[in-house]
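Atom set for the values below is all heavy atoms of this structure, side chains included, hydrogens, waters and symmetry mates excluded. Count residues from 1 along the sequence.
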Amino acid sequence: MTDTHHIEPLPDRSGEPPGAARQVDDLSTVQLVERLTDQVKALVQAEVRHGIVEVKDKGTRFGVGLGVSGAGLLILLYGLGALVAAAVLALGTVLDPWLAALVVAVVLIVVGGVVAAVGGRRARDALPPTPDDTTRSVRRDVDTVKAGLR
């Protein structure tokens with residue numbers, strides 16, 4: 001039985017032409033340091049670009065979500081206003097109208113306070129808006145460089 005699995009070598013991501021690894025032996029220390037400096041510079045620039053793109057993407061999604069939520073909340077506010085008026089009118093058939101309005105207002109204040117507290121806690125948990133994928137990638141790069149220096 002023959003082995004049908006074929007493992008391809010990893011692509012060279014250094015930007016060097018094929019066979020450049022063999023040429024490394026011919027380079028002086030100064031040339032190696034220059035090459036390392038160029039590669040580190042390119043790596044840092046790429047990570048910064050990825051981080052900026054990730055933060056912009058998160059910001060865009062946050063802005064769109066906030067706008068849609070704002071429109072929904074405005075419509076919800078009008079609906080709740082109509083419900084509050086209906087509750088006051090219904091309770092006004094049993095109590096004096098001013099007392100019915102007071103009871104409904106107190107209930108709304110309590111419920112609104114609880115909802116605002118929960119929302120504030122969730123918003124706090126979402127911060128800071130860091131580029132998590134880029135941070136992990138940079139950590140992997142640093143760990144790889146450290147391992148290569150040992």
Side-chain angles (χ1 to χ4, degrees), residues 1-88 90-91 101-150:
M1 180 181 269
T2 59
D3 186 16
T4 58
H5 295 288
H6 176 67
I7 299 174
E8 293 185 27
L10 292 174
D12 182 20
R13 302 171 100 195
S14 67
E16 300 293 331
R22 282 177 266 148
Q23 296 173 0
V24 171
D25 293 337
D26 300 334
L27 296 176
S28 69
T29 304
V30 172
Q31 291 170 322
L32 289 172
V33 170
E34 286 175 352
R35 181 180 282 187
L36 175 65
T37 303
D38 291 342
Q39 289 175 346
V40 168
K41 179 181 172 185
L43 178 65
V44 168
Q45 288 173 342
E47 293 295 0
V48 167
R49 279 193 306 272
H50 291 145
I52 290 170
V53 167
E54 188 176 354
V55 169
K56 282 182 179 178
D57 182 50
K58 284 185 176 185
T60 301
R61 287 184 294 164
F62 178 76
V64 169
L66 193 62
V68 171
S69 294
L73 286 175
L74 182 63
I75 294 168
L76 181 65
L77 182 63
Y78 287 133
L80 289 176
L83 279 177
V84 168
V88 170
L91 200 55
L102 182 63
V103 168
V104 170
V106 168
V107 169
L108 288 174
I109 289 171
V110 169
V111 170
V114 170
V115 170
V118 169
R121 196 171 313 118
R122 287 197 175 190
R124 239 187 345 266
D125 292 343
L127 295 176
T130 57
D132 298 327
D133 294 339
T134 302
T135 302
R136 280 191 294 277
S137 177
V138 168
R139 283 195 182 121
R140 277 195 310 270
D141 294 342
V142 169
D143 290 344
T144 302
V145 170
K146 284 181 181 178
L149 293 175
R150 292 184 186 149

*Who pairs with Asp38 by salt bridge (charged side-chain N to carboxylate O under 4.0 Å, His left out), at least two apart in sequence or on another chain?*
none
*Can a salt bridge be assigned to the pair Asp143 and Arg139 using a cut-off of 4.0 Å between side-chain N and carboxylate O?*
no
_Pairwise distance CD(Gln39) to CG(Leu32) - rounded to 0.5 angstrom_ = 10.0 Å
*In Å and rounded to the nearest 0.5 Å, what is the CG to OG1 distance from Leu36 to Thr29?*
12.0 Å
*asked:* Can you tell me how far apart CG (Leu73) and OG (Ser69) are? Round to the nearest 0.5 Å.
replied: 6.5 Å
_Residue pair Lys56 / Ile52, side-chain heavy-atom distance below 4.5 Å_ = yes
*What pairs meet the salt bridge (Lys or Arg N to Asp or Glu O under 4.0 Å) rule with one or both residues in residues 103-119, with sequence neighbours excluded?*
none
*Any salt bridge between Asp133 and Arg136, counting N to O under 4.0 Å?*
yes
*Which residues share a side chain to side chain contact (heavy atoms under 4.5 Å, CB included) with Thr134, sequence neighbours left out*: Glu47, His50, Glu54, Pro131, Val138
